[in-house]
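This report concerns only the one structure given below.
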Amino acid sequence: MLRFENIRKSYTTGDVTVDALKGVAAHIHAGETVSLCGPSGSGKSTLLNICGLLDERYQGEIWINDRPIPKQKSALTQIRREKLGFIFQRYNLIPVMSVFENIEYPLLMLNLNKQQRMDRVVEIVHKVGLKDHISKRPDQLSGGQQQRVAIARALVKKPELVIADEPTANLDTPTANMVMDLMRDLGNDMGTTFIIATHDHRMTDRCHRVLNLADGHITEQLQQADNRRAG
Ligand code: ADP
Ligand code: ADP
């Protein structure tokens, strides 16, 4: 589904250059949940931004479904809208909107009528187990529930790839485990690919595969045998 090769990226500030990514490659399959692991400064955010088509200034190549990704901003924006969803550490929900409205929000840009949007929201709300909470506002929910709203919002457009940046960092262990399992199981169920950046080693055994980043290199790829992948 997603393939990247020889990805390099440097940042230059004044006359200091940092090589954040020094030639990384991976091939990620449809429905696979991959965690991107590594200490602070290892290049996780840089790689996530590139895979999330938020940054076109890098060397190397990316393919989505065997089509090369161009490096023009407008083309990236278009592909991002059609194919990608995002989940953040701090949930990034809109506080004045209900759970329903937050999840519906990405659909407003698509050509769907009210009933079609309602059907999509109801379907995903059931999948994330929030049907009793749809009229609440984010501040009436626990952290784990807010992150489930954010997962529903990321998935409601049925993206092929979801990029998650430290999605469990603000959650206690049982809640973090539940959120990780939910993402992996929804990925299996809907065929969605997840790339999850984390420095939380508790999370990595709940993914299909772990890419370990250190100092701008992928140093290790671990296949997690027990987490079955569909397709
Ligand atoms: P991680 O997400 O694993 O903490 P990053 O991708 O944020 O790693 O950073 C990788 C390296 O690139 C670090 O050395 C960091 O200081 C540097 N870096 C990241 N963003 C910038 C930036 N905008 N300008 C300069 N250096 C940066
Ligand atoms: P074509 O290459 O068939 O002329 P376009 O480049 O005009 O197609 O894109 C057609 C649609 O496919 C657009 O909506 C665009 O967002 C999407 N698209 C283009 N390149 C890619 C890609 N590498 N991966 C995923 N979708 C893409």
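Not measured: the values here are computed from a predicted model. First listed ligand is number 1; within each ligand, the first listed atom is number 1. Basis for what follows: all heavy atoms, side chains included, without hydrogens, waters or symmetry-related copies. Numbering starts at 1 and runs along the sequence shown.
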Are the side chain of [X] and the backbone N or O of [Y] linked by a donor-acceptor pair below 3.5 Å?
X      : Y      : result
Ser142 : Gln145 : yes
Thr168 : Leu171 : no
Gln140 : Arg137 : yes

Testing the basics here: between Gln221 and Ala25, what is the closest heavy-atom pair and its distance to 0.1 Å?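 Gln221 and Ala25 have their closest heavy atoms at NE2-O, 4.1 Å.
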So that I can tick it off, tell me whether Arg8 and Asp19 are bridged by a salt bridge, with the cut-off set at under 4.0 angstrom between side-chain N and carboxylate O.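 No salt bridge links Asp19 with Arg8.
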Check this for me: does any side-chain nitrogen of one of Asp215 and Lys22 sit under 4.0 Å from a carboxylate oxygen of the other?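 Yes, Asp215 and Lys22 are salt-bridged.
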Amino acids in close contact with ligand 1, where any non-hydrogen atom sits under 4.0 angstrom away: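 Within the 4.0 Å shell of ligand 1, which is judged on heavy atoms, sit Tyr11, Thr13, Val18, Ala20, Pro39, Ser40, Gly41, Ser42, Gly43, Lys44, Ser45, Thr46.
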